[in-house]
Amino acid sequence: MIDTMSYTAKDLETDQDVRWCPSCGDFAILKQVQTVIPKFKIPRENIVFISGIGCSSRFPYYMNTYGMHSIHGRGAAIATGLKVARPELSVWMVTGDGDSLSIGGNHFIHLLRRNPDINVLLFNNQIYGLTKGQYSPTSELHKVTKSTPFGSVDHPFNPLALALGADATFIARTMDKEAKHLQQMIERSHVHKGTSMLEIYQNCNIFNDNAFDELSARNTRKAKAIFVEHGQPLIFGQEDELGIKLDGHKPMVVSLKDVSTDDLWVHDENDLMKAQILVRFFAYKPGMPELPRVFGVLYQEERSTYEQDVTQQLAEVIGAKGKGKLNDLLKGQEFWTV
Amino acid sequence: MIDTMSYTAKDLETDQDVRWCPSCGDFAILKQVQTVIPKFKIPRENIVFISGIGCSSRFPYYMNTYGMHSIHGRGAAIATGLKVARPELSVWMVTGDGDSLSIGGNHFIHLLRRNPDINVLLFNNQIYGLTKGQYSPTSELHKVTKSTPFGSVDHPFNPLALALGADATFIARTMDKEAKHLQQMIERSHVHKGTSMLEIYQNCNIFNDNAFDELSARNTRKAKAIFVEHGQPLIFGQEDELGIKLDGHKPMVVSLKDVSTDDLWVHDENDLMKAQILVRFFAYKPGMPELPRVFGVLYQEERSTYEQDVTQQLAEVIGAKGKGKLNDLLKGQEFWTV
Amino acid sequence: MKTEIKDHVVIKFAGDSGDGMQLTGNQFTNNSALFGNDIATFPDFPAEIRAPAGTLAGVSGFQLHFGSTEIDTPGDFCDVLVAMNVAALKLNSRYLKPNGLIIVDVSGFDSKNMKLAKVAAEQNPLTDGSLSNYSLKIFDFSKLTHECLKESGLTGKSIDRSKNMFVLGFVYWLYHRDLTSTISYITERFAKDELLLNANIATLKAGYAFGETTESMTERYEVAPAKLAQGQYRNMMGNQATALGLVAASVKSGLSLFYGSYPITPASDILHDLSKQKHFGVKTFQAEDEIAAVCSAIGASFGGALGVTGTSGPGLALKSEAISLAVSLELPLVVIDVQRAGPSTGMPTKTEQSDLLIAMYGRHGEAPLPVLAAKSPSDCFDTVFEACRIALQHMTPVIFLSDGYIANGSEPWQFPSEENLPTINVKFAEKKETPFYPYQRDENLVRNWAIPGTAGLEHRIGGIEKEDLTGNISYDPANHEKMVKIRAAKVKKIEEDIPEIALEFGDENDDILLLGWGSSYGAIRSAVKQLRADGFKVAQAHLRYINPMPKNTEQLLRKFKKVIVPEKNNGQLVKLIREQFLIDAISYTKVQGLPFTQYDIVQQVKNLH
Amino acid sequence: MKTEIKDHVVIKFAGDSGDGMQLTGNQFTNNSALFGNDIATFPDFPAEIRAPAGTLAGVSGFQLHFGSTEIDTPGDFCDVLVAMNVAALKLNSRYLKPNGLIIVDVSGFDSKNMKLAKVAAEQNPLTDGSLSNYSLKIFDFSKLTHECLKESGLTGKSIDRSKNMFVLGFVYWLYHRDLTSTISYITERFAKDELLLNANIATLKAGYAFGETTESMTERYEVAPAKLAQGQYRNMMGNQATALGLVAASVKSGLSLFYGSYPITPASDILHDLSKQKHFGVKTFQAEDEIAAVCSAIGASFGGALGVTGTSGPGLALKSEAISLAVSLELPLVVIDVQRAGPSTGMPTKTEQSDLLIAMYGRHGEAPLPVLAAKSPSDCFDTVFEACRIALQHMTPVIFLSDGYIANGSEPWQFPSEENLPTINVKFAEKKETPFYPYQRDENLVRNWAIPGTAGLEHRIGGIEKEDLTGNISYDPANHEKMVKIRAAKVKKIEEDIPEIALEFGDENDDILLLGWGSSYGAIRSAVKQLRADGFKVAQAHLRYINPMPKNTEQLLRKFKKVIVPEKNNGQLVKLIREQFLIDAISYTKVQGLPFTQYDIVQQVKNLH
Ligand SMILES: Cc1ncc(C[n+]2csc(CCOP(=O)(O)OP(=O)(O)O)c2C)c(N)n1
Ligand SMILES: Cc1ncc(C[n+]2csc(CCOP(=O)(O)OP(=O)(O)O)c2C)c(N)n1
Ligand code: SF4
Ligand code: SF4
Ligand SMILES: [Mg+2]
Ligand SMILES: [Mg+2]
């Protein structure tokens with residue numbers, strides 16, 4: 001078994017041609033996943049990638065592990081069944097913003113509340129890629145797409161707020177272009193026991209190019225994005241000159257000229273109330289200061305996993321009743337003989 | 001038309017026998033809905049009740065308005081289509097915790113984000129009534145039911161937290177036994193323009209009797225429940241002796257002996273950050289003080305409604321292009337004559 | 001007092017939902033079964049959880065047919081009707097045999113009950129002479145029970161609830177029955193409440209004693225044990241048998257059972273039953289909806305478990321897309337459909353056989369799969385076991401059809417022992433020197449099943465058309481055609497692995513064949529018996545395997561001048577027969593949410609002549 | 001130079017997805033249409049959004065058949081193949097007629113392209129002699145374009161993108177075509193970018209001029225306008241026609257159109273097209289999934305709109321449960337299924353006709369509904385219009401079947417004027433003195449449609465079985481049977497409201513009838529023409545109405561010795577024919593994700609002899 005645990009990124013490649021558009025953000029994600037997984041020392045045969053349908057959902061075909069490219073939106077339900085049946089497997093779910101938040105929305109929220117130990121990689125490109133460019137539930141309001149030639153009128157989901165509302169135990173955000181951070185977040189997802197919901201901003205250069213540019217462009221990224229770390233104060237700005245402070249329950253942007261780092265909001269991954277505020281940095285609601293988009297692990301909580309509880313209940317019942325005997329079951333309590 | 005606007009509760013009854021179990025909480029809700037709706041002065045023929053399937057979903061049959069008892073979980077989608085097609089109607093959706101949060105979860109969250117002006121009455125009895133007593137997505141952990149003889153292992157949803165995560169513009173909670181409050185909340189739901197999500201705790205005396213007893217019993221209700229009102233401080237306790245204060249972003253219970261009412265948390269319906277804390281009073285998370293369950297309008301936000309935006313877009317396009325002429329459309333831009 | 005010996009008796013207990021008639025019926029059923037009668041039951045309860053007391057909608061009934069002869073159906077008409085209130089009598093008197101015995105509880109005939117049942121005061125059936133063709137016995141069971149329990153310390157309401165035990169005791173007396181089985185039941189049920197325990201036993205005995213002393217009765221009856229084959233028996237309901245069959249298939253295949261389901265009438269009891277079997281390693285998953293239910297089972301199956309999902313019509317419709325995925329993946333999966341009256345929500349508590357065509361064709365694209373149907377409550381065990389076997393050994397989703405009638409009905413079941421059940425051989429693929437191909441097939445066209453955790457067999461499968469052998473995505477036109485044909489041929493080949501169809505009754509010289517499927521078995525069987533006794537040359541055949549049909553089906557059908565297909569739908573199997581064999585089969589249907597009666601079918605055949 | 005007059009020509013433009021072959025094909029198509037040719041097109045693009053450049057998977061093709069004669073199909077074999085790289089040539093040369101003309105861009109045959117197309121260096125088709133049976137013309141279009149645009153100020157990459165205009169110009173020259181239509185297109189498309197506008201026009205003209213000057217070509221061709229019926233024409237694709245048909249039905253019924261849909265290949269373009277028609281009051285709703293899509297349409301329908309939902313196979317499966325609700329509610333609803341190759345995800349960009357049986361039977365319970373299918377791109381207009389009419393006038397959901405082939409294919413369409421289209425009369429119920437019953441029916445068994453907002457007609461409907469007339473919930477057995485029969489009879493009665501089926505070709509003295517449905521119309525038609533020319537006594541009939549079938553269908557079928565049913569599935573319509581008429585119809589199938597060719601069908605019939 002040992003040898004199946006020492007493999008390289010290369011060993012995780014399959015013989016299938018990768019069929020994404022040249023320069024698609026999906027390539028970068030695939031690469032980082034293949035790079036970081038060997039470090040976990042999971043026997044390769046114990047790894048399973050489950051996906052739905054979408055460009056992103058082609059992912060399993062490119063991973064030389066077990067995998068299933070299933071149907072649109074249902075990856076979460078399939079992965080849950082698999083994980084409950086085989087708790088020892090390392091189960092990964094790859095999905096898109098349409099796959100998980102549109103058609104798969106119900107399974108998605110139920111996955112999060114149940115909390116099986118599944119690592120969700122949600123490729124959010126804010127568009128339907130595979131069906132050639134309709135708006136998705138994360139597309140911004142007024143977006144002009146094939147199905148909304150006059151602009152969409154649908155208020156978009158805030159995926160991490162939705163996840164938190166569904167009592168997720170782990171929510172994090174990263175970006176295709178941030179190789180290192182992406183690796184770290186994949187690792188954190190793996191380490192977290194319970195459903196890890198990792199939102200990955202992914203550029204669809206064909207139908208929604210540059211959607212996240214200001215979050216990655218050199219001249220804006222440090223002002224528009226903030227990378228949080230547990231125990232560290234919230235600092236950002238092109239020159240690291242800004243910080244975020246909590247005024248009661250209200251976040252405010254302060255200049256580090258005026259405010260000492262000691263008075264800044266210190267990130268606490270385990271604080272649900274703070275996480276609920278952090279996820280809303282997204283919204284730029286009227287009346288809220290303009291806040292940077294948050295990257296990193298926004299929230300993490302220990303909660304027993306679904307498959308643990310299922311397994312434990314089985315063990316308890318067997319402990320109490322003994323292992324079932326088929327003949328007893330067939331016979332039942334009231335039988336007679338002719 | 002005037003006469004169809006002056007009708008009484010009695011006029012809203014139908015000739016159908018009400019088929020709920022004697023003493024079911026549904027009766028009380030039906031009664032309050034019939035009592036309060038005539039006050040709104042909506043022409044009766046403009047009122048439509050749409051439901052899914054469940055005990056609660058029988059509701060439309062007992063309302064002498066237009067109504068549809070549809071299929072399990074799909075009321076939200078049907079109501080959305082109806083409201084978009086006919087924005088002038090007053091559309092009500094009646095649903096159960098299984099109907100809207102289990103099978104109908106996806107439509108439910110999409111309804112909330114889109115925000116059509118639909119009033120949702122969610123009868124939460126924390127059980128599947130109609131199918132005779134399985135646990136529901138709001139049933140407490142470890143609940144013993146027909147389908148969980150050894151206790152459920154599913155972490156339940158917090159319906160209002162989920163709704164807020166889905167960017168609901170109106171969330172409120174009330175109870176079958178609180179006639180007056182129920183009436184007020186129905187009225188507030190009606191007045192709110194956008195999707196009003198009203199969670200109604202409802203006793204299922206057959207399969208989940210007394211689930212909300214401590215929230216309504218004389219000797220516990222004032223300590224366990226808190227009724228919030230916009231602009232009013234958060235006070236509760238059997239003798240109104242307790243208050244809630246915000247310590248930064250953390251709620252804490254204080255004695256009014258020690259703390260002046262002026263220092264208490266004053267309820268602000270329009271404060272999303274506060275609402276996010278309020279919905280979590282529910283969870284009694286470890287590390288949080290034991291907090292009372294919140295009743296009233298927890299959050300309300302102005303956002304244009306989906307059908308408004310749809311209608312306006314149509315008007316704009318017609319304004320710009322003129323009303324469509326079928327002959328032009330049939331002919332197209334490139335045609336030739338033989 | 002005279003005792004008459006009867007071959008078989010149909011008794012119906014009917015009352016308000018609150019009167020405990022299901023319990024009473026079940027107790028009498030168990031007692032008869034233990035006594036050795038052959039039996040068939042038909043519980044019939046209202047759609048409402050608790051319909052308003054006293055109303056017609058609130059009537060709950062339990063019909064039992066028990067005998068010393070072979071019993072095929074719960075009976076068309078009753079010998080005895082126990083009616084606890086006027087509504088129950090009003091709804092059921094039409095099903096009574098001429099001169100039948102009616103036992104009524106007069107306390108259910110007061111003016112309040114009359115009003116609730118919408119019976120005008122002057123039309124009180126107890127007094128208006130309308131029941132003069134029957135033997136009418138009127139008692140005040142309510143008063144009698146109260147008298148018996150007046151010192152019990154119970155509240156009036158609790159005493160009312162014991163009334164059914166009085167009635168049961170009385171009927172036990174009427175049929176010379178022993179009280180032991182019911183006393184043990186009471187003892188277990190009320191183990192924690194001595195007051196109720198004692199009260200119920202006292203009432204039961206009082207009812208029996210009342211029989212001994214009352215002067216209104218002039219006759220008692222006896223129904224001897226039936227001549228069943230030697231062996232051990234128990235009383236078995238369809239859903240219960242289905243759950244047992246699944247556990248048995250799990251044990252005999254050595255795979256753990258995963259049951260993903262979303263509650264729905266009348267299938268929920270399978271979920272309930274299985275959730276009690278955790279000591280068999282059974283994992284039950286109450287999913288958020290039917291789509292998640294079937295998908296979770298597919299996930300479990302991919303992981304090497306016996307993945308099963310169960311539902312009724314509306315749920316089957318929702319599962320269509322995912323079942324099509326399972327067809328494409330070629331993974332084992334058992335889909336249980338306990339049919340109910342449709343379309344849409346239909347009549348959830350009523351039975352029907354109208355999901356056959358959706359089972360056959362309700363998937364987009366060419367997505368054939370095996371379909372099996374059970375013919376009786378206990379046959380659910382064998383048929384679902386067989387469905388599991390086929391799914392596992394042929395790597396295919398299988399639809400197993402049951403229906404509300406057999407799901408809730410019961411009959412004596414000569415249960416097998418673990419040792420007598422066939423082993424279901426399942427072999428997962430193992431690492432070999434040759435390259436591994438997930439879609440390599442054996443002589444039955446069955447592909448390799450390689451499960452995660454097996455080093456060296458890592459592979460990907462999916463719902464896009466796949467290349468033969470490798471399973472890689474392929475858009476090649478010829479490959480697609482090949483795969484479509486292979487998937488069809490694989491299902492067709494199952495006919496080599498199932499028994500031929502044989503006549504249940506009659507022989508090939510008869511004129512007419514009654515060809516049935518599913519739960520109409522018993523009614524057809526009893527009708528054929530009667531028709532043959534009446535001199536008609538009628539035979540019976542029954543299809544458990546509907547897709548593929550047994551190899552010799554056409555051959556058998558062609559032997560007869562006429563083939564009649566009775567179905568509780570608007571004509572579905574008949575379409576398959578006509579299409580496949582171009583035989584001008586005649587459809588005989590009943591779409592009332594009710595099972596066929598023997599009379600229904602007998603009349604139909606006689607009308608043909 | 002010599003100019004040869006041709007009756008009809010099949011040309012295929014094939015290249016990498018990035019080469020703009022769809023655009024080129026579309027331009028040539030429009031040009032031919034405007035010129036007056038009859039045409040049929042078959043675009044064939046890769047499943048991937050942007051498959052890796054140069055690979056076989058990345059090849060995108062557009063086939064056009066244009067002629068001065070009647071054109072039924074895009075053609076089995078090509079007269080001309082334009083191949084922009086080696087992959088395109090490799091995949092398509094087999095579809096070339098002997099002596100066919102191959103025009104290649106040699107820049108797509110360098111070593112890199114050879115490797116990507118998996119062609120060994122020594123097997124370069126341009127040099128290895130394998131194309132000796134064809135007329136091979138090799139040009140360096142890339143270099144020629146660069147030369148033409150070297151002063152244009154465009155980047156090299158942009159210049160590469162104009163290459164297809166050079167090719168188009170060249171082919172225009174080859175067929176003596178006018179450039180005007182394409183110049184207007186370019187002018188509109190690049191209105192905002194003068195640089196590109198000028199470059200594209202320059203390249204187009206350069207391509208034409210190159211034809212004039214090159215010495216490699218020895219012949220030019222001309223295809224005269226076709227003798228189409230007098231009138232106004234435009235080029236029309238199937239999805240486009242479907243969208244138009246819906247808008248037309250909305251205008252002609254006076255109801256506003258609500259289209260609820262979830263994107264899916266190949267149906268999405270209907271959503272895209274309709275979302276542009278807001279000035280017709282069209283409301284498009286991109287739902288969260290297919291279930292919400294159909295349910296939103298049901299909601300809109302309940303409100304008095306023309307509720308329509310559109311999808312492909314996987315989505316149709318998901319909509320099953322809700323369609324069953326619409327059957328039970330008896331509300332108008334049009335469900336569009338643009339079929340693609342299944343099962344499961346199948347081959348989304350490939351065509352198939354394999355959803356007929358799910359359309360017929362894919363609902364739980366007895367849930368019959370009308371099914372219509374379009375036979376060609378422009379016929380989508382008439383057929384979906386008719387589907388709307390039936391839905392509205394018969395208060396029923398209707399399934400309209402199209403498929404990927406006609407959805408994306410195109411043909412000239414003699415479009416109607418608003419005045420010539422029939423009015424769809426719809427009358428909502430109004431308050432009368434008599435009590436209002438939502439399930440009161442007219443002579444066609446069609447119920448009242450009363451919409452919210454109408455005072456005095458307040459009522460409730462639902463998916464539970466309803467009492468006839470009142471619509472109240474009813475569990476009455478006889479009522480259920482009655483309602484099941486009524487719903488079936490209502491659909492059956494539609495046969496009174498549709499035209500009889502007539503022969504498309506041939507007469508009743510012929511031996512063989514080719515009976516088709518849906519998009520195989522053109523191929524069957526062309527095959528029948530050829531077969532008849534070859535002396536075979538073959539006729540053609542085609543079903544637009546599949547449920548119910550025209551009243552005289554059986555009668556017509558019985559006139560022939562043999563009935564052959566060609567279908568792009570594994571045999572589905574043939575099942576209905578066999579079952580309904582007990583006619584031993586012969587199934588001829590092709591399940592390759594491709595349309596039938598004329599040759600396919602001709603061979604099949606000849607093999608029968
Ligand atoms: C049941 C069903 N409905 C619709 C589709 C069509 N479809 C495929 S992928 C997709 C959405 C893709 O968007 P997303 O999930 O964001 O993935 P992306 O392509 O952007 O990575 C849709 C609508 C389908 N395959 N199945
Ligand atoms: C598709 C489908 N699945 C399952 C059911 C069965 N079913 C009916 S109501 C219900 C749940 C009822 O619970 P809830 O929504 O909480 O309503 P309540 O009865 O408690 O008011 C279920 C599972 C159904 N009717 N349709
Ligand atoms: S369409 Fe967009 S998301 Fe899909 S592969 Fe291309 S670039 Fe990537
Ligand atoms: S089962 Fe419960 S929720 Fe349903 S009607 Fe009875 S008491 Fe009410
Ligand atoms: Mg996306
Ligand atoms: Mg409930």
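Please read all numbers here as calculations on a predicted model, not as lab measurements. All values below come from the heavy atoms of this structure, side chains included, with hydrogens, waters and symmetry mates left out.
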To the nearest 0.5 Å, what is the distance between [atom1] ([X]) and [atom2] ([Y])?
X      : Y      : atom1 : atom2 : value
C:N37  : A:W336 : CG    : CH2   : 9.0 Å
A:K321 : C:H279 : NZ    : NE2   : 4.5 Å
A:H69  : C:I473 : NE2   : CD1   : 6.0 Å
A:L329 : C:L244 : CG    : CG    : 4.5 Å
A:I103 : C:E321 : CD1   : CD    : 6.5 Å
A:Y61  : C:H459 : OH    : NE2   : 10.5 Å

If we define contacts as heavy-atom pairs under 4.5 Å, which of [options] has the most with chain C?
options                       : answer
A:E316, A:K83, A:R58, A:Q333  : A:R58
A:E88, A:M68, A:M63           : A:M68
A:L314, A:T311, A:V84, A:I318 : A:L314
A:T65, A:L89, A:N46           : A:T65

Legend entry - Minimum heavy-atom distance between C:R234 and A:K331, given as atom pair plus value: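 The answer is CD-O, 3.4 Å.
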Inset, instruction - For C:P452 and A:V48, work out which heavy atoms get closest and say how close. - result: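 Looks like CB-CG2, 3.7 Å.
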In terms of heavy-atom proximity below 4.5 Å to chain A, should [X] be classed as side chain, backbone, both, or neither?
X      : answer
C:V294 : neither
C:K466 : neither
C:F381 : side chain
C:A293 : neither
C:S417 : both
C:A322 : both

Any side-chain heavy-atom pair from [X] and [Y] closer than 4.5 angstrom?
X      : Y      : result
C:L34  : A:F335 : no
C:E458 : A:T14  : no
A:I78  : C:S296 : no
A:E45  : C:L457 : no
A:N327 : C:F415 : no
A:T337 : C:Y233 : no

Legend entry - Salt-bridge contact A:E307-C:K283 (side-chain N to carboxylate O under 4.0 Å):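 Salt bridge: no.
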Inset, instruction - Report yes or no: does A:Y66 contribute a side-chain atom to a donor-acceptor pair with the main-chain N or O of C:I451 at less than 3.5 Å? - result: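 Looks like yes, one N/O pair under 3.5 Å.
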Inset, instruction - Give a yes or no on whether the backbone of C:A292 and the side-chain of A:R74 come within a donor-acceptor separation of less than 3.5 Å. - result: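 No, because the side chain of A:R74 does not come within donor-acceptor range (under 3.5 Å) of the backbone of C:A292.
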Inset, instruction - Take the angle between the ring planes of A:Y306 and C:F285 and call it parallel below 30°, perpendicular above 60°, tilted in between. - result: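 Answer is perpendicular, since the angle exceeds 60°.
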Inset, instruction - Could I get the full list of salt bridge (charged side-chain N to carboxylate O under 4.0 Å, His left out) partners for A:D309, not counting sequence neighbours? - result: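 Here no residue qualifies.
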Legend entry - Contact class of A:E334 relative to chain C, heavy atoms under 4.5 angstrom: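 Contact with chain C involves both backbone and side-chain atoms of A:E334.
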Legend entry - Proximal component of A:R114, with respect to chain C [non-hydrogen, under 4.5 Å]: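 Only the side chain of A:R114 comes within 4.5 Å of chain C.
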Legend entry - Leading residue by heavy atom contact count with chain A [cutoff under 4.5 Å; candidates C:G260, C:P412, C:G303, C:G231]: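 The option with the most such pairs is C:G231.
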Legend entry - A:R113 and C:E288: CA distance, side-chain angles, deciding distance, salt bridge (Lys or Arg N to Asp or Glu O under 4.0 Å) verdict: CA-CA 11 Å; A:R113 80 171 171 97; C:E288 57 272 24; over 6 Å; no
